[in-house]
Amino acid sequence: MNLAWKEMKKNKVRFLILGSIIFLVSFLTFIISGLANGLSQDNAALIKDLPKGQFYMAEDADGTFNLSRIDSHLQQKVISKEKETVAFSIQMGFLNDQDDKQQSVAFVTSTESSLFSNVHQDEVLLDSSLQDKGIQVGDILTNNQYSGKFIVKGFVEQKKYSHAPVAYISEEAYQEMYRVADKQLIFVPNSEPNDIKGLQAYSNKEFLKTIPSYNAEQLSLNMIIWFLVVISGMLFAIFFYMMNVQKIGLYGILKAIGLKTSKLFKMIWTQMAIITIFSLVVSVSLSQLFNIVAPKGMPFTLTIGTTTQLSFVFLLIGFIGATLSGMQIKKIEPLQAIQQGEA
């Protein structure tokens, strides 16, 4: 520890440059991770907020729930067998506000359940983000496919689907608008997949992957995150490799006077840990501050759990990179290293 700290003080500019780069890479990783989580919620909060369970859609829909139509008799049969089971449908559409402006929404209707908000006919329950558009409780909204009018009964928090605010409507209104009585999906909470003729089962994660925009979006952002993590490991490996090349003569002398190779590895690991921890403390603090001050409309969510996991990954990658760069220390022969250092 003492040897590692003395070397860092002697070459503080080099270590400060490395620390600054690790800070920038880790800070960028946390920001992108926050955006990935925020977009995930903005895209599928309606589904992600449901408890662990099984989704069922028509087998002939081939994993596309918009094409799924579950026969009402089969639906009733499944609901009667499983407690808290709910059948529901989702369709993208528009609501016209009192200024006759169209607001994009995801219409949701379901059988009676505590998992979904249920409303009476001619009523609508909206995601709270629509309050920013000037919509208030008691406003009357219309839809070109519906003969009646919707009265806003209230708002719910964080209910989004495909980046659109959710609008809960009655089954009767949904049937009139989309000319279909059959539901698209059945959700059975806290259950294992069952073999039901005509239906295909999906876990929560599997069902999220059937949402095209969700899967493509998360895959792209997660690739960027892991690419940045790998870059940080390469930075450690390259930095310590170059440092070790310059100190071959010093290592030869230290080995000649009896310093074990394990001690030299501990020195490198200690330096890596000090740089990484200091960089992470600064980047975590700034990313959490950004989480607080981020604009309200920005889909940004960075939890402590995600931050802790990424910090652990950075430390692990740093340890691997520093260890790989230090492998050359094992091969150093004291006499040859001293002669090479003198040359």
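A quick note: this is a predicted structure, and the numbers were derived from the prediction, not measured.
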Next on the checklist: Test your reading of the model: is there a side-chain donor-acceptor pair from S89 to the backbone of Q184, 3.5 Å cut-off?
Outcome noted: yes
Checklist entry - Does the pair L126 and L95 meet the rule for a side chain to side chain contact (heavy atoms under 4.5 Å, CB included), with working shown? => result CA-CA 11 Å; L126 302 171; L95 281 172; 3.9 Å; yes
Checklist entry - Sub-3.5 Å donor-acceptor pair from the side chain of T109 to the main-chain atoms of I169, do we have one? => result yes
Item to check | Ion pair K160/D42, N-O distance below 4.0 Å | outcome: yes
Next on the checklist: Restricting to non-hydrogen atoms, name the atom on N43 and the atom on E217 that form the minimum distance, rounded to 0.1 Å.
Outcome noted: ND2-OE1, 3.6 Å
Checklist entry - Crowded around M92 CE? As in, over 12 foreign heavy atoms under 6.0 Å? => result yes
Checklist entry - Any idea which heavy atoms bring I275 and G19 closest together, and the distance? => result CG2-CA, 3.6 Å
Checklist entry - Are Q288 and I304 close enough that some pair of their side-chain heavy atoms sits under 4.5 Å apart? => result yes
Next on the checklist: Within this structure, what is the CE-CD1 distance for the pair M272 and I274, rounded to the nearest 0.5 Å?
Outcome noted: 10.0 Å
Checklist entry - Is the backbone of A273 close enough, under 3.5 Å, to the side chain of T276 for a donor and an acceptor to pair up by distance? => result no
Item to check | S72 side chain vs D182 backbone, donor-acceptor pair below 3.5 Å | outcome: no
Checklist entry - Where is the tightest heavy-atom contact between A106 and A164, given as atom of each residue plus distance? => result N-CB, 4.2 Å
Checklist entry - Do Q102 and N144 come within less than 4.5 Å of each other through their side chains, counting heavy atoms only? => result yes
Checklist entry - How many angstroms lie between atom CD of E206 and atom CD of Q54, to the nearest 0.5 angstrom? => result 7.5 Å
Checklist entry - Could you give the distance from OH (Y56) to CD (Q75), rounded to the nearest 0.5 Å? => result 14.5 Å
Item to check | Y161 versus D127, side-chain donor and acceptor atoms under 3.5 Å | outcome: no
Next on the checklist: If you count every heavy atom of other residues, nucleotides or ligands that lies below 6.0 Å from E84 atom CD, does the total exceed 12?
Outcome noted: no
Next on the checklist: When you measure from the side chain of N143 to the backbone of Q145, do you find a donor-acceptor pair of N or O atoms at a distance under 3.5 Å?
Outcome noted: yes
Checklist entry - Are the side chain of T301 and the backbone N or O of N37 linked by a donor-acceptor pair below 3.5 Å? => result no
Item to check | Path from L208 to L46 over hydrophobic side-chain contacts below 4.5 Å | outcome: yes
Item to check | Single-linkage hydrophobic cluster V281~L18, side-chain heavy atoms < 4.5 angstrom | outcome: yes
Item to check | Close side-chain approach of F27 and V282, heavy atoms under 4.5 Å | outcome: no
Checklist entry - Would you say Q98's side chain and L141's backbone share a donor-acceptor pair under 3.5 angstrom? => result no
Checklist outcome for this item: Here the gap from Q76 atom CD to T85 atom OG1, rounded to the nearest 0.5 Å, amounts to 10.5 Å
Checklist entry - Sub-3.5 Å donor-acceptor pair from the side chain of Q218 to the main-chain atoms of A36, do we have one? => result yes
Next on the checklist: Check this for me: does any side-chain nitrogen of one of R69 and D60 sit under 4.0 Å from a carboxylate oxygen of the other?
Outcome noted: no
Next on the checklist: Given 3.5 Å as the limit, does a donor-acceptor pair link the side chain of N222 with the main chain of L219, or not?
Outcome noted: no
Checklist entry - Will you find, in the side chains of S113 and N118, an N or O donor that is under 3.5 Å from an N or O acceptor? => result no
Next on the checklist: For K48, I'd like to know if atom NZ has over 12 heavy atoms of other residues, nucleotides or ligands within 6.0 Å.
Outcome noted: yes
Checklist entry - Are F150 and I90 joined in one hydrophobic group, where the rule is that I, L, V, M, F, W and Y side chains link up if heavy atoms are under 4.5 Å apart? => result no
Checklist entry - Do the side chains of T307 and L302 get nearer than 4.5 Å, heavy atoms only? => result yes
Checklist entry - Is there side-chain contact between V284 and L310, with heavy atoms separated by less than 4.5 Å? => result no
Checklist entry - Do F116 and V108 touch side chain to side chain, with heavy atoms closer than 4.5 Å? => result yes
Checklist entry - Between N96 (side chain) and D100 (backbone), is there a donor-acceptor pair under 3.5 Å? => result no
Checklist entry - Without hydrogens or angle criteria, can the side chains of T210 and Y202 be said to hold a donor-acceptor pair below 3.5 Å? => result no
Item to check | Residue pair I211, N215: steps toward the side chain to side chain contact (heavy atoms under 4.5 Å, CB included) verdict | outcome: CA-CA 6 Å; I211 306 172; N215 204 29; over 6 Å; no
Checklist entry - Can you tell me how far the CD1 atom of I151 sits from the NZ atom of K149, to the nearest 0.5 Å? => result 9.5 Å
Checklist entry - Is it true that the side chains of E157 and S128 contain a donor and an acceptor less than 3.5 Å apart? => result yes
Checklist entry - Where is the tightest heavy-atom contact between S117 and V156, given as atom of each residue plus distance? => result OG-CG1, 4.0 Å
Next on the checklist: Using side-chain heavy atoms (C-beta onward) and a distance below 4.5 Å, is F107 in contact with Y178?
Outcome noted: yes
Checklist entry - Checking side chain to side chain contact (heavy atoms under 4.5 Å, CB included) for the pair V124/K153: CA distance, chi angles, key distance, verdict? => result CA-CA 6 Å; V124 64; K153 298 303 292 183; over 6 Å; no
Item to check | Value rounded to 0.5 Å, distance of CG in L235 from CZ in F239 | outcome: 10.5 Å
Checklist entry - Once the angle between the rings of F187 and F55 is folded into 0 to 90°, is it parallel (under 30°), tilted (30 to 60°) or perpendicular (over 60°)? => result tilted
Checklist entry - If we ignore angles and hydrogens, is there a donor and acceptor under 3.5 Å between the side chains of H120 and E172? => result no
Next on the checklist: Checking L280 against F23 for the side chain to side chain contact (heavy atoms under 4.5 Å, CB included) test, could you report, in this order, the C-alpha distance in whole Å, the side-chain angles of both residues, the deciding distance, and whether it holds?
Outcome noted: CA-CA 6 Å; L280 286 174; F23 156 70; over 6 Å; no
Checklist entry - Hey, are the side chains of L125 and V152 touching, using non-hydrogen atoms and a 4.5 Å cut-off? => result no
Checklist entry - Could E59 and K197 be called an ion pair, given the rule that one side-chain N must be under 4.0 Å from one carboxylate O? => result no
Checklist entry - Without hydrogens or angle criteria, can the side chains of T303 and T306 be said to hold a donor-acceptor pair below 3.5 Å? => result yes
